[in-house]
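Below is one structure, written out as structure tokens, with a few remarks after it.
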Amino acid sequence: MAFNLTRRRFLQSASLAAASIPLSKVVSAETGFVQSPLEPKGSLKEETATGGICEMCFWRCQLIGKKRDGRLIKLEGNPKSIDNGTSICARGNAGIKLLYDPDRLKYPLKNVGERGKPVWKRISWEEALAECSSKLKGVVDKYGPQGIAVFPHGSTAKYPMHFFERTVGTHNVSEASFFQCRGIRDTAYWATIGKAPGENVDMPNSKAIMLLGSHIGENVHVSHVKSFIKGLQNGSKLIVVDPRYSAAAAKSDVWVKIKPGTDTAFLLAIMNYLVKTEKYNVDFIDEWADGFDEFAEGIADWTFERAAKECNIPVEQIKEVADILAENAPNVSIHPGRHVSWYGNDFQRQRSLACLTALLGAYYVEGGWVPGIKPKVGKVSWAKHDHGNEHNLNYNEDEELRHPFTPPGTPTELIRDAALTGKPYPIKGCVIWGQNPIQTIPGQEKMKDVLRQMDFVMCVDVMPTDATMWADILLPEASYLERFDLVKTGTQWDFSEKHQQYITARMPLVEPMFERKDNVFITNAIAKGMGHEEEIPVKTVEEMVEKNLAVAGLSIAQLKKEDGIHLRDGKDPYGIPEDFEVLLYNEDIEDAGFPGVPTYMPVEPPPAGFARLLYGRVPVHTFNRTQNNAWLNFAMPENPVWINDETANKLGLKDGDTVGLVNSEGFKSHTTTTVKVTPGIRKDSVYMAHGYGSANPLLSVAVNAGVDDTSLMTKIAIDPETGAHGMRNNFVKLIKDGKVLDIPA
């Protein structure tokens, strides 16, 4: 059931954040909310707090906060920022509602009920930290360091992650940002150009942009969207390859309505055409690339006709795309993507994108892939130790890597399988820090079984996500608006402008309410309790920030004097470094048993009566993290399921109909959503936004709002080179009025 917020209630809610405190001093001990009437315009006494860095998503825009009587009432972009400037997105504005969300975690809690069906008892920090330390130490004493698994996410998770990984000595650390998001991209480019690509495409100065499954405009990262729009305003041609008519596709010159899972075939045909017709950048390849002959031979069979049949798109459209790219080379932005864990064949697709960029000569040139040159700062954390590979699950009995091109950490599925089988060793302690593995990782029931068999589960978060229902001890963390944290660096996003660098640090805009603590406080206390006091690198998070800033000759006090952001002259990022090298054919990949030349691996097609379940982002939410935010919920309270208009007509469905979903393994969604009928999606697919359908009743806004797409991801697909999950391999039917509807062919 969706949270029903009327416009009147929304405005009342908004006024709570904007109203001043002095006229009402009655503060609810349970909610922290202050009710007060609006003051007449012009009577407000505001102060400005600087040093904020947003974390409503992970783009981390720089903020200032408007405060009244100590209470934060508004967030804005920092006028000094050369990144996002004064702009922040809907989520950034709604950070106020996260800060003062009455559902936020306030005190340490102990589960005196069952995991998954918790009964919470408020306890002191002393009791909570003592229990966490003793339970985790007990796991280490009984099973060894490898008996602990860590699922971290977000800027505060790195410090505790390093403690468990470097100091305690477990390899079983799996970050969602790598194994369910961008890790495949980073390792594929690393195997091709020796660098993780980020999203370093110089779109403002491009002549053509190609997005393949990218969600720019829906995945709103402010400076990146500015960069994209500037490119289009400057006349750049836009090619969007997507089964769905996305926000970006609506701006495109060419929309390639590709069959899901066949993107690599499409890219191979384009590259083969460029090679066969010698429309590639011969000089660049001769100077900077290795393995061209093996590469050309390996892709030689990919004609337009073969790819068109595989991808279910016209031959003429593939040629049109190839010619646009060739005609505008080298000033072409081939976007590396961000959330790229799709089908379990993703490493080869990402390799193909990196190789296509090379054929166009589009590295380190205007409009191509160009990493900005950032200033250096410190990286203080726990000291590194060599813990060997004896208990590294990514190594087999012959000490060979199971997934040789894995991102940092251990593939999630290896950890889950070991936990459930006890082989090669038991995993009985779990630390979840800022991650929601129930709604992040495919195989939701499997994840619950993993947590169910643990001796101890500790969870640290800001909100009571679905994962927190499985904790024994639940610890409340200060939000990004209440703590010191990371030091961020960067450059201006348009390289045609004056070259500049910036350094900023996250500083609290308000003091944390209730008993919320920061990551260093929590981690250090647990480390001390586990016997690692002598190895603690910093006493406070402020000390860590100071040490990191000191490397750049800065301090917190200096940053405050400079309104939160230090600016300095930058460096021209164009021009290829002398040690740059592109491996079109990678012998190491082939020696590891995988194709050394980018290769297409077909995926299972939808069975009769089913459509492939695709998912993505929306501008007002960051997956599940923002679902309980009342302002954002008002903007988009549920995730309608997109269905092709001709298909809907055959099924008798219309816009706004209420439906549930069931997948090909028989798993049904526990909630319903509405139908969105559109010609902007293929007939063999349906689409919905990710992260809805929370089950935790403590999320009073998000609970049961929309459908949890992760609950329908029951087919586990693993990318062989990296060990990362493919997350678009499930097939679904719709359920209306209790009747299951077969999707027509």
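- The pair Glu413-Lys446 meets the salt-bridge criterion, since a charged nitrogen lies less than 4.0 angstrom from a carboxylate oxygen.
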Exercise answer: donor-acceptor pairs, residues 254-268 side-chain atoms, under 3.5 Å, sequence neighbours excluded:
{"from": "Trp255", "atom 1": "NE1", "to": "Asp242", "atom 2": "O", "distance (Å)": "2.9"}
{"from": "Trp255", "atom 1": "NE1", "to": "Arg244", "atom 2": "O", "distance (Å)": "3.4"}
{"from": "Thr262", "atom 1": "OG1", "to": "Lys259", "atom 2": "O", "distance (Å)": "2.7"}

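- Taking the six-membered ring for Trp, Trp433 and His153 have ring centres at least 6.0 Å apart.
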Side chain to side chain contact (heavy atoms under 4.5 Å, CB included) between Val340 and Cys181, worked out: CA-CA 6 Å; Val340 300; Cys181 189; over 6 Å; no

Chi angles and distances behind the side chain to side chain donor-acceptor pair (under 3.5 Å) call for Asp466, Gln444: CA-CA 11 Å; Asp466 284 8; Gln444 194 172 87; 5.9 Å; no

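- Other residues, nucleotides and ligands contribute more than 12 heavy atoms inside 6.0 Å of the NZ atom of Lys733.
- Note: Met469 CE to Asn696 CG = 4.5 Å, rounded to the nearest 0.5 Å.
- Residue Lys276 qualifies as enclosed at atom NZ: its count of foreign heavy atoms under 6.0 Å is above 12.
- The local environment of NZ in Lys251 is sparse, with at most 12 non-hydrogen atoms from other residues, nucleotides or ligands closer than 6.0 Å.
- We find that Asp346 and Arg185 are not joined by a salt bridge, their nearest charged nitrogen and carboxylate oxygen being 4.0 Å or further apart.
- Lys319 and Glu316 are not joined by a salt bridge, as no carboxylate oxygen comes within less than 4.0 angstrom of a charged side-chain nitrogen.
- In summary, of the residues considered (Leu420, Leu393, Thr170, Thr421), a side-chain contact (heavy atoms from CB on, under 4.5 Å) with Ile427 occurs for Leu393 alone.
- Taking the ring centroids of His725 and Phe179, they lie at or beyond the 6.0 Å cut-off.
- A distance of 12.5 Å separates OG1 in Thr440 from CD in Glu175, rounded to the nearest 0.5 Å.
- Taking the six-membered ring where the residue is Trp, the centroids of His215 and His690 are separated by 6.0 Å or more.
- One finds the NE2 atom of His171 at 11.0 Å from the CD1 atom of Ile415 (value rounded to the nearest 0.5 Å).
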Side-chain donor-acceptor contacts of residues 289-305 below 3.5 Å, not counting sequence neighbours, with atom names and distances?
{"from": "Thr303", "atom 1": "OG1", "to": "Arg306", "atom 2": "N", "distance (Å)": "3.1"}

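- Of the possible polar contacts, none joining the Asn639 side chain to the Thr673 backbone as a donor-acceptor pair under 3.5 Å is found.
- A salt bridge links Arg682 and Asp684; the closest N-O separation between the charged side-chain nitrogens and carboxylate oxygens is under 4.0 Å.
- Annotation: His339 is in aromatic contact with Tyr615 [ring centroid separation under 6.0 Å].
- Cation-pi geometry between Arg617 and Phe623 is met: the NZ or CZ atom falls under 6.0 Å from the ring centre, inside 45° of the normal.
- Interatomic distance, Leu325 CG to Ile334 CD1, rounded to the nearest 0.5 Å: 5.0 Å.
- Ring centroids of Tyr692 and His621 are separated by less than 6.0 Å, placing the two rings close together.
- Separating the OG1 atom in Thr710 from the CD atom in Gln180 is a distance of 10.0 Å, to the nearest 0.5 Å.
- Using a 4.0 Å cut-off between a side-chain N of Lys or Arg and a carboxylate O of Asp or Glu, Lys715 and Glu604 qualify as a salt bridge.
- The side-chain contact (heavy atoms from CB on, under 4.5 Å) test with Thr671 singles out one residue from Val703, Leu661, Asn704, and that residue is Asn704.
- Checked by atom type and distance alone, the side chain of Gln439 never pairs as donor or acceptor with a backbone atom of Asn624 at under 3.5 Å.
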